[in-house]
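Atoms within a ligand are numbered from 1 in the order they appear, just like the ligands themselves.
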Amino acid sequence: MTEPTDPTAPPVLPTATYAVTGATGHLGRLAVDALLRRDVPARNVFALVRDPEKAKDLADLGVGVREADYDRPDTLGPALEGIERLLLVSSPSAEDPVGQHTAVIRAADAADVGFVVYTSILHADDTENVLAPKHADTEDVLQGSGLPFAVARNGWYTENYTARLDDYLAHGEIVGATGDGRNSAATRADYAEAAVSLLTGDIADQQGYWELGGPAFTMAELAATITQVTGTEVTYRDISAEEFADALQSMGMDADTAGFVTALELSAARGELETDSPALENLLGRAPTPLVDAVRAARL
Ligand SMILES: NC(=O)c1ccc[n+]([C@@H]2O[C@H](COP(=O)([O-])OP(=O)(O)OC[C@H]3O[C@@H](n4cnc5c(N)ncnc54)[C@H](OP(=O)(O)O)[C@@H]3O)[C@@H](O)[C@H]2O)c1
């Protein structure tokens with residue numbers, strides 16, 4: 001699989017019609033905001049949501065709000081009518097995400113959408129990460145659809161950690177089983193901005209697979225950054241995978257979920273959440289938000 005080699009900041013096509021799925025979620029909402037910041041008129045932006053009631057603030061901005069439930073294909077055709085470019089934000093569902101994504105891709109094809117950007121996972125086709133198969137399968141569906149597409153293979157969200165800042169500070173430690181595994185996490189806002197760069201650019205330049213991540217850090221480096229920003233000492237304590245899974249269960253997590261979370265921890269330990277690709281920086285046209293700034297912002 002190739003990664004485009006000339007990812008200079010693309011020109012925006014303000015006159016195209018854009019749709020974003022999952023627009024009431026974190027990433028989708030940030031993508032809508034990024035489109036508007038790029039001077040795409042609100043009337044050309046469509047928020048596809050499963051519950052329009054939750055999108056009143058978007059409607060107030062002049063954004064078109066359309067019902068689009070991945071589980072109800074009858075909603076998808078009308079939602080995609082007249083849409084030229086679609087950002088398909090991956091579903092959080094654990095049940096049949098590939099079926100859900102396939103329904104959207106089929107509807108996009110039927111509606112003659114000209115370009116689809118899908119948010120996947122780092123190294124989707126070449127990793128043992130337990131989250132990867134659903135993304136790899138979706139990428140295959142996209143490839144088979146014949147639609148022009150770009151895949152934004154996003155790394156971990158920095159927010160997966162900064163959302164737990166209070167917990168880290170309260171305990172003075174981060175406990176994990178990632179060893180020295182490095183993680184190229186970046187902020188949701190940066191991934192959203194990058195997805196919009198792909199969506200709004202010259203399709204010929206944007207098509208392909210983009211491995212996206214920020215500067216890599218270990219959990220020990222995360223702990224040191226938290227210490228630096230907050231003045232409260234936080235250290236990283238590495239434990240075995242068995243101890244990690246037991247600790248999750250002792251906090252009330254069921255065995256299956258604990259096994260799943262532990263598998264993600266081991267994936268990080270194997271370095272599967274790391275990339276040295278410059279694609280995120282290239283799409284942003286600037287350095288990704290530094291970890292120290294993300295931690296600082298989470299403290300505000
Ligand atoms: N890279 C990472 O570290 C990481 C971490 C977590 C998740 N992810 C993936 O990235 C995606 C986006 O992340 P996020 O933080 O924005 O997640 P999020 O805030 O949970 O947003 C998920 C969105 O999907 C929508 N959705 C759920 N089921 C749907 C359905 N049947 N039909 C239509 N929409 C549906 C939700 O709608 P409602 O607002 O109505 O609930 C929500 O808007 C996630 O869905 C997940 O696949 C990545």
Nearest non-hydrogen protein atom to atom 43 (O) of ligand 1, with distance, is G25 N, 2.8 Å

Atom 39 (O) of ligand 1 sits nearest the protein heavy atom T24 OG1, 2.7 Å

Any non-hydrogen side-chain atom of V104 less than 4.5 Å from a side-chain atom of Y70?
yes

Counting only heavy atoms, which portion of L27 has something under 4.0 Å from ligand 1: side chain, backbone, both, or neither?
both

Can you tell me if T75 and E67 form a side-chain donor-acceptor pair at under 3.5 Å?
no

re atom 32 (N) of ligand 1, the protein heavy-atom contact at minimum distance is Y70 N, 2.8 Å

Can you list the steps and then say if S277 with E211 is a side-chain hydrogen bond (donor to acceptor under 3.5 Å, both in side chains)?
CA-CA 6 Å; S277 163; E211 304 284 349; over 6 Å; no

V89: heavy atom below 4.0 Å from ligand 1, yes or no?
yes

Should D71 be listed as contacting ligand 1, given a heavy-atom distance under 4.0 Å as the test?
yes

Applying a 4.0 Å heavy-atom criterion (strictly less than), which segment of T21 is in contact with ligand 1: side chain, backbone, both, or neither?
neither

For G28, is at least one N or O under 3.5 Å away from an N or O on ligand 1?
no

Which residue holds the protein heavy atom closest to atom 24 (O) of ligand 1, what is that atom called, and what is the gap in Å?
P92 CD, 3.5 Å

Nearest non-hydrogen protein atom, atom 33 (C) of ligand 1:
A68 O, 3.4 Å

Has E159 got more than 12 heavy atoms of other residues, nucleotides or ligands less than 6.0 Å from its CD?
yes

Output field: ring centroids Y236/Y168 closer than 6.0 Å:
no

Atom 17 (O) of ligand 1: any protein heavy atom closer than 4.0 Å:
no

Could you measure the distance from the CG atom of D125 to the CD atom of E139? Nearest 0.5 Å is fine.
6.5 Å

Proximal candidate to atom 23 (C) of ligand 1 [heavy atom criterion; set A47, A185, G22]
G22

Would you say CZ of R164 has more than 12 non-hydrogen atoms from neighbouring residues, nucleotides or ligands within 6.0 angstrom?
no

Provide the number and element of each atom of ligand 1 under 4.0 Å from a heavy atom of Q100.
31 (N)

Within the 4.0 Å heavy-atom shell around R188, which atoms of ligand 1 are there?
15 (O)

Nearest non-hydrogen protein atom to atom 9 (C) of ligand 1, with distance, is S90 OG, 3.6 Å

Suppose we measure from atom 37 (O) of ligand 1 to each protein heavy atom; which comes out shortest, and what is that distance?
R50 NE, 3.6 Å

Is it the case that more than 12 heavy atoms not belonging to N160 sit under 6.0 Å from its CG atom?
yes

D51 vs K56, test: salt bridge (Lys or Arg N to Asp or Glu O under 4.0 Å). Steps then yes/no.
CA-CA 10 Å; D51 180 5; K56 285 190 168 144; over 6 Å; no

R29 near ligand 1 by a heavy-atom separation under 4.0 Å:
no

Within less than 4.0 angstrom of ligand 1, does S93 place any heavy atom?
no

Which residue and non-hydrogen atom of the protein lie closest to atom 31 (N) of ligand 1, and at what distance in Å?
D69 OD1, 3.0 Å

Check: S91/Q100 side-chain N/O donor and acceptor closer than 3.5 Å:
yes

Is there a continuous path of hydrophobic side-chain contacts, each under 4.5 Å between heavy atoms, that joins L284 to L212?
yes

Modelled atom types, side-chain donor and acceptor of T235 and E173, under 3.5 Å:
no

Does a side chain donor of either Y118 or H135 reach within less than 3.5 Å of an acceptor in the other side chain?
yes

May I ask you to list the atoms of ligand 1 that are less than 4.0 angstrom from any heavy atom of K54?
38 (P), 39 (O), 40 (O), 41 (O)

Taking the minimum heavy-atom distance to atom 6 (C) of ligand 1, which of Y157, Y191, Y161 ranks first?
Y157

